[in-house]
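Here's the structure we're looking at; comments come further down.
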Amino acid sequence: MNKRQDLFLKPLENFFTSPNLETLKNQFYEDFLDEIGSVPGNCLFIDEGVWRNDEFFPLKSHILGEYYKVFSYIRDNFDTTILSTPTEDIPKLSKYVETSFRYIVTTYQSFLDDYPEVTRSFKSFKQYLLRRYSITITLKQNSKFTPDSNFGYIGTLPNLKKLYRLSVNSGIFDTDIDTFIEVLTKENSTSYIKFKTSTPIMVGYLEIISRLFRNMDIRNIVSSRKFVTRSDDEVFITSENYYTATTRLKKKPEEKKMLENILQFVDLQTLKKK
């Protein structure tokens, strides 16, 4: 990558620094001062923002507004940058993006705790990279892979990541990779996977991947409340619609085409274990 490409995320990194946040804070309060730089009689300044004429103006809203300006600029700049990046340099660009976001998440965790909207925008950007450019980034540093879910995953982390990519590319769901791994391997996780497919395809998918687990049966799947059917509401799979969907899928073998790549991958992993 050239120098310009190697620095295009700097504005985002710099946004979270103490000097920049202090500048934004000062600018916010200065906008409420009168022409001689004093606090008007109709204003009350507090740490959380300003009361003016019985109306509250939050400092947080101002900070977030300025953040979204930078974030939008970064995303637009990424589109421009990737189009001018040679194919052989795409992996370097992906690594730079991942390293930069990890740096922010690690260094400015206390800020992110107070501004969950920023974390959500990062996750949205991850999904955007995956959907539009098939680029996968991980925000958290890799830690020791120790599955403790009742499902009893018996494979490796790299294979679970391969399963994730196949699932997303097959249109099964567009959940981010961290949530996918957490749902399948962490017992105390409150996250869930929301499927994009019909319920029969969803159940067919779970039936296939269950071969990579010791205890991924219908009872554990339903009781886990970690799998949401395609709907406007968050509806977890139940025993009743699980059995109904299984019967429907048997009657419509053409729907299984969506699962062909998943089945081939699981078959290969199963053969390796024999």
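Predicted, not measured: the structure shown is a model, and the values here were computed from it.
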Least distance between heavy atoms, I137 atom then V97 atom = CD1-CG1, 4.1 Å

query = Do T238 and N241 get their side chains close enough for a donor-acceptor pair, meaning under 3.5 Å?
reply = yes

query = Given the rule that I, L, V, M, F, W and Y join up when any side-chain heavy atoms are under 4.5 Å apart, are F56 and L59 in one cluster?
reply = no

key: Nearest-0.5 Å distance that lies between atom NZ in K186 and atom OG in S149   = 9.5 Å

Throw together a table of side-chain donor-acceptor distances under 3.5 angstrom for residues 199-209, partners on residues two or more places apart or in other chains.
| from | atom 1 | to | atom 2 | distance (Å) |
| --- | --- | --- | --- | --- |
| Y205 | OH | S167 | OG | 2.7 |
| E207 | OE2 | Y242 | OH | 2.4 |

inquiry  = Applying side chain to side chain contact (heavy atoms under 4.5 Å, CB included) to S191 and K226, what does each step give before you reach the verdict?
reply    = CA-CA 7 Å; S191 299; K226 291 182 177 180; over 6 Å; no

key: Ion pair E66/K69, N-O distance below 4.0 Å   = yes

ask   = Under 6.0 Å between the ring centres of F28 and F57?
value = no

inquiry  = Please determine whether residues L44 and V39 belong to a single hydrophobic cluster, defined as Ile, Leu, Val, Met, Phe, Trp and Tyr linked transitively by side-chain heavy-atom distances below 4.5 Å.
reply    = no

ask   = Quick one: are V228 and I193 in side-chain contact, heavy atoms under 4.5 Å?
value = no

request  = With sequence neighbours excluded, tell me which residues meet ring-ring contact (aromatic ring centres under 6.0 Å, His included) with Y29.
outcome  = F45

Short side-chain to backbone donor-acceptor contact, Y164 and T175, under 3.5 Å = yes

query = What's the verdict on side chain to side chain contact (heavy atoms under 4.5 Å, CB included) for I172 and T197, showing C-alpha distance, side-chain angles and the deciding distance?
reply = CA-CA 6 Å; I172 307 297; T197 63; 4.2 Å; yes

ask   = Closest heavy-atom contact between S84 and P86?
value = O-CD, 3.7 Å

note = Nearest heavy-atom approach of Q269 to N159 is OE1-ND2, 2.9 Å

query = Quick one: do K95 and E98 make a salt bridge, cutoff under 4.0 Å?
reply = yes

note = Scanning both residues in full, the closest heavy-atom pair of F145 with G155 reads CE2-O, 4.2 Å

ask   = When the ring centroid of F15 is compared with that of F71, is the distance short of 6.0 Å?
value = no

Indicate every side-chain donor-acceptor pair of residues 108-118 with a distance under 3.5 Å to a residue at least two apart or in another chain.
| from | atom 1 | to | atom 2 | distance (Å) |
| --- | --- | --- | --- | --- |
| Q109 | NE2 | D113 | OD1 | 2.9 |

message = Quick one: does any side-chain atom of H62 pair with a main-chain N or O of K25 as donor and acceptor, under 3.5 Å?
response = no

key: Whether S124 side chain and R120 backbone form a donor-acceptor pair below 3.5 Å   = no

query = Going hydrophobic residue to hydrophobic residue with side-chain gaps under 4.5 angstrom, can you get from L33 over to W51?
reply = no

key: Salt-bridge criterion met for R211 and D267 (N-O under 4.0 Å)   = yes

note = So CZ of R165 and CG of N261: to nearest 0.5 Å the spacing works out to 13.5 Å

key: Ring centers of F227, F236 separated by less than 6.0 Å   = no

message = Checking F101 against T138 for the side chain to side chain contact (heavy atoms under 4.5 Å, CB included) test, could you report, in this order, the C-alpha distance in whole Å, the side-chain angles of both residues, the deciding distance, and whether it holds?
response = CA-CA 9 Å; F101 273 81; T138 304; over 6 Å; no

ask   = What is the minimum heavy-atom distance between Q127 and D176, and which atoms define it?
value = NE2-N, 3.8 Å

query = How are the rings of F173 and F195 set to each other: parallel, tilted or perpendicular (split at 30° and 60°)?
reply = perpendicular

request  = Check the pair Y133 / S94 against side-chain hydrogen bond (donor to acceptor under 3.5 Å, both in side chains), numbers first and verdict last.
outcome  = CA-CA 10 Å; Y133 300 110; S94 302; over 6 Å; no

request  = May I ask you to decide whether K10 forms a salt bridge with E13, counting only side-chain N to carboxylate O separations under 4.0 Å?
outcome  = yes

task = Just say parallel, tilted or perpendicular for the rings of F213 and F151, cut-offs at 30° and 60°.
result = perpendicular

remark   = For D178 and K126, the nearest pair of non-hydrogen atoms, with its separation, is OD2-NZ, 3.1 Å

query = Is the side chain of T107 donor-acceptor paired with the backbone N or O of I104 at a distance under 3.5 Å, no angle test?
reply = no

request  = May I ask you to establish whether R75 and Y128 are in a cation-pi arrangement, using a distance under 6.0 Å from NZ or CZ to the six-membered ring centre and at most 45° from the ring axis?
outcome  = yes

inquiry  = I want to check something: taking the side chain as every heavy atom from C-beta on, are N53 and N42 in contact at a cut-off of under 4.5 Å?
reply    = yes

